[in-house]
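In this chain, numbering begins with 1 at the start of the sequence shown. First listed ligand is number 1; within each ligand, the first listed atom is number 1.
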Amino acid sequence: MSVAERVNRQWVLARRPQGQVRLEDFARRDASVPVADLAAGEVLVRMMMFGFDPAQRGWMDDRPSYMPPMAIGESVRGSAAARVVASTNPAYPEGALVRGLFSWQEYAVVARAGEAAPVLIPEGVTPEEALGVLGGASLTAWVGLKTVGRLGADDTVLISGAAGAVGSLAVQIAHLNGARVIGIAGGPEKCRWLVEDYGADAAIDYRHEDVAARLAALAPDGIDLFFDNVGGETLEAGIAHIARFGRIVLCGAISGYNDAEPVAGPRNLARLIAQRAEMRGFILLDHLDQVPAARAALETWLRDGQLRYRTDVQQGFEAIPATFLRLFSSASQGKQLLRIE
Ligand SMILES: NC(=O)c1ccc[n+]([C@@H]2O[C@H](COP(=O)([O-])OP(=O)(O)OC[C@H]3O[C@@H](n4cnc5c(N)ncnc54)[C@H](OP(=O)(O)O)[C@@H]3O)[C@@H](O)[C@H]2O)c1
């Protein structure tokens, strides 16, 4: 069967989620493969693997953000690794592997004028590595800790969401830079990974332990750098234990992404005044100049066997929405990916 005769399977946003995202918020559609629409410079790709990011939940809401909201009825925006199946662009020859911010469909026309260009996946790098350990989550951890957080070797560093894609790299980057690292994650198994695999000095299980009490015991002199992926009560606990002149880097706030109403708080912001501490949010896209150095360092550590990572690879196009929902419980076991059959 030629490419043009194939069906282009899609998952579209059927409606805006109200609070908790549900399977019913998505719908399956079949479209034709857009091969005839290829203009000069454009490329037709076939998706091989999708990567899932909590930020996709925010893009489903109709509110101002650093990216426009997704449109109802369009295939859901998400990162993927794909193979070039037809090309009018010599930079992307047929057969090449690329990654980029695409959408939940089997085929797509990419490299369109005015859109972010796909990135070629170098020879020897698998789609799993390109979307996982060498992908955006790892670069986010690097930029957040080093550029925004000004990580120092003498720092006591606290990382929440520490067993996830960003968090597990943040733990290792802080550890490999000589810092003392405390990680927060859900459940004893993930806490075991933090200490035994990723090099954390201590782990706190937020599901079963009193985070504030454990922080007081583990860091009596306070936290110098807090890299927060979670927000809510976790952020409050970090603020309560911030050291004098400490830095709080706001990377994410996943505990509130499915809240129907904006959450109040944190209630203890005045603690930042007393401690002369600073708190700053960041988005990776503003720090793309740091990416070559970050990627080079991560590749070196990976080659030298100093970097550990976990991917949680689900299977099959039909399972895409269910796989996305795994991010918002403790189900995902590392960077959440899905391979198309
Ligand atoms: N600023 C940026 O440029 C940027 C870029 C990428 C990602 N991010 C942010 O970084 C954070 C982590 O992203 P990721 O890709 O690494 O995802 P991830 O951590 O791999 O996946 C989600 C994990 O978050 C934890 N979680 C889910 N709901 C939670 C809740 N209510 N309270 C506490 N933990 C909860 C779960 O781990 P447990 O089992 O430990 O609960 C879950 O496995 C997200 O907030 C994301 O939005 C920011």
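Each of the following atoms of ligand 1 lies closer than 4.0 Å to a heavy atom of Arg207: 41 (O). When each atom of ligand 1 is checked for a heavy atom of Val166 under 4.0 Å away, the hits are 7 (C), 10 (O), 13 (O), 14 (P), 16 (O). Taking every heavy atom of Lys190 and a limit of under 4.0 angstrom, the matching atoms of ligand 1 come to 37 (O), 38 (P), 39 (O), 43 (O). Every atom of ligand 1 is numbered from 1 in the order shown, and the set under 4.0 Å from a heavy atom of Phe282 is 1 (N), 2 (C). Atom numbering of ligand 1 starts at 1 in the shown order; those under 4.0 Å from a heavy atom of Ser255 are 30 (C), 31 (N), 32 (N). Residue Ala185 approaches ligand 1 through these ligand atoms, each under 4.0 Å from one of its heavy atoms: 40 (O). Atoms of ligand 1 found under 4.0 Å from any heavy atom of Gly252, numbered from 1 in the order shown, are 9 (C), 45 (O). Remark: ligand 1 atoms within the under-4.0 Å shell around heavy atoms of Ser329 are 27 (C), 36 (C), 42 (C), 43 (O).
A side-chain donor-acceptor contact under 3.5 Å links Glu236 to the backbone of Arg267. Within the 3.5 Å criterion, the main-chain N or O of Pro127 finds no donor-acceptor partner in the side chain of Arg99. The closest donor-acceptor contact from the side chain of Ser75 to the backbone of Gln10 lies at 3.5 Å or more, if one exists at all. Side-chain N or O atoms of Asn8 include none that pairs as donor or acceptor with a backbone N or O of Ala31 at under 3.5 Å.
Looking at atom 15 (O) of ligand 1, its nearest protein heavy atom turns out to be Pro54 CD, 3.4 Å. Among all protein heavy atoms, the one lying closest to atom 9 (C) of ligand 1 is Cys251 O, 3.7 Å. At the top of the distance list for atom 39 (O) of ligand 1, counting protein heavy atoms only, stands Ser330 OG, 2.5 Å. Given atom 20 (O) of ligand 1, the protein heavy atom at minimum distance is Ala165 N, 2.9 Å. With hydrogens left out, the protein atom closest to atom 4 (C) of ligand 1 is Thr140 CG2, 3.5 Å, a heavy atom. When hydrogens are left out, the protein atom nearest atom 34 (N) of ligand 1 is Tyr206 OH, 3.3 Å; that is the closest non-hydrogen contact. The single protein non-hydrogen atom nearest to atom 27 (C) of ligand 1 is Leu327 O, 3.4 Å, given as residue, atom name and distance. In terms of protein heavy atoms, atom 10 (O) of ligand 1 is closest to Asn229 OD1, 3.2 Å.
Ionic pairing of Glu318 and Arg28 is present here: one or more N-O contacts between side-chain nitrogen and carboxylate oxygen are shorter than 4.0 angstrom. Using a cutoff of 4.0 Å between basic side-chain nitrogens and carboxylate oxygens, Asp61 and Arg57 are scored as salt-bridged.
Taking the ring axis of Trp11 as reference, the NZ or CZ atom of Arg29 does not stay both within 45° of it and closer than 6.0 Å to the ring centre.
Counting heavy atoms closer than 4.0 Å to ligand 1, residue Ala253 contributes backbone atoms (N, CA, C, O) but none from C-beta onward. The side chain of Val230, and not its backbone, has at least one atom closer than 4.0 Å to an atom of ligand 1 (non-hydrogen atoms only; side chain from C-beta on). Neither the backbone nor the side chain of Gln336 has a heavy atom within less than 4.0 Å of ligand 1. Of all the heavy atoms of Ser332, the ones lying under 4.0 Å from any atom of ligand 1 are found in both the backbone and the side chain. Looking at Ile254 against ligand 1, both its backbone and its side chain come within 4.0 Å, counting heavy atoms. At a heavy-atom cutoff of 4.0 Å, ligand 1 is contacted by no atom of Ala331, backbone or side chain.
Between Phe26 and Trp104, the ring center distance clears the sub-6.0 Å criterion.
Checked by distance only, ligand 1 and Lys335 stay at 3.5 Å or farther apart across all their nitrogen or oxygen atoms. For ligand 1, the polar-atom distance check finds an N/O of Tyr257 within less than 3.5 Å of one of the ligand's N/O atoms. For a threshold of 3.5 Å applied to N or O pairs, the pair formed by Leu284 and ligand 1 contains at least one separation below that value.
Between Val21 and Asn258, the closest heavy-atom pair is N-OD1, 3.1 Å. Of all the heavy atoms in Leu13 and Met70, the pair that sits closest is CD2-CB, 4.1 Å. In plain terms, the two heavy atoms of Gly124 and Glu129 that are nearest each other are O-OE1, 3.8 Å. Nearest heavy atom pair, residue Gly152 against residue Arg247, reads N-NH2, 4.2 Å.
Asp154 contributes atom CG, which lies 8.5 Å from atom CG of Asp224 (distance to the nearest 0.5 angstrom).
In this structure, Gly136 has no heavy atom closer than 4.0 Å to ligand 1.
Taking 4.5 Å as the limit, every side-chain heavy atom of Ile242 sits out of range of all side-chain heavy atoms of Leu158.
In this pair, Phe52 and Phe50 present their aromatic rings tilted. The plane angle is within the 30 to 60° band.
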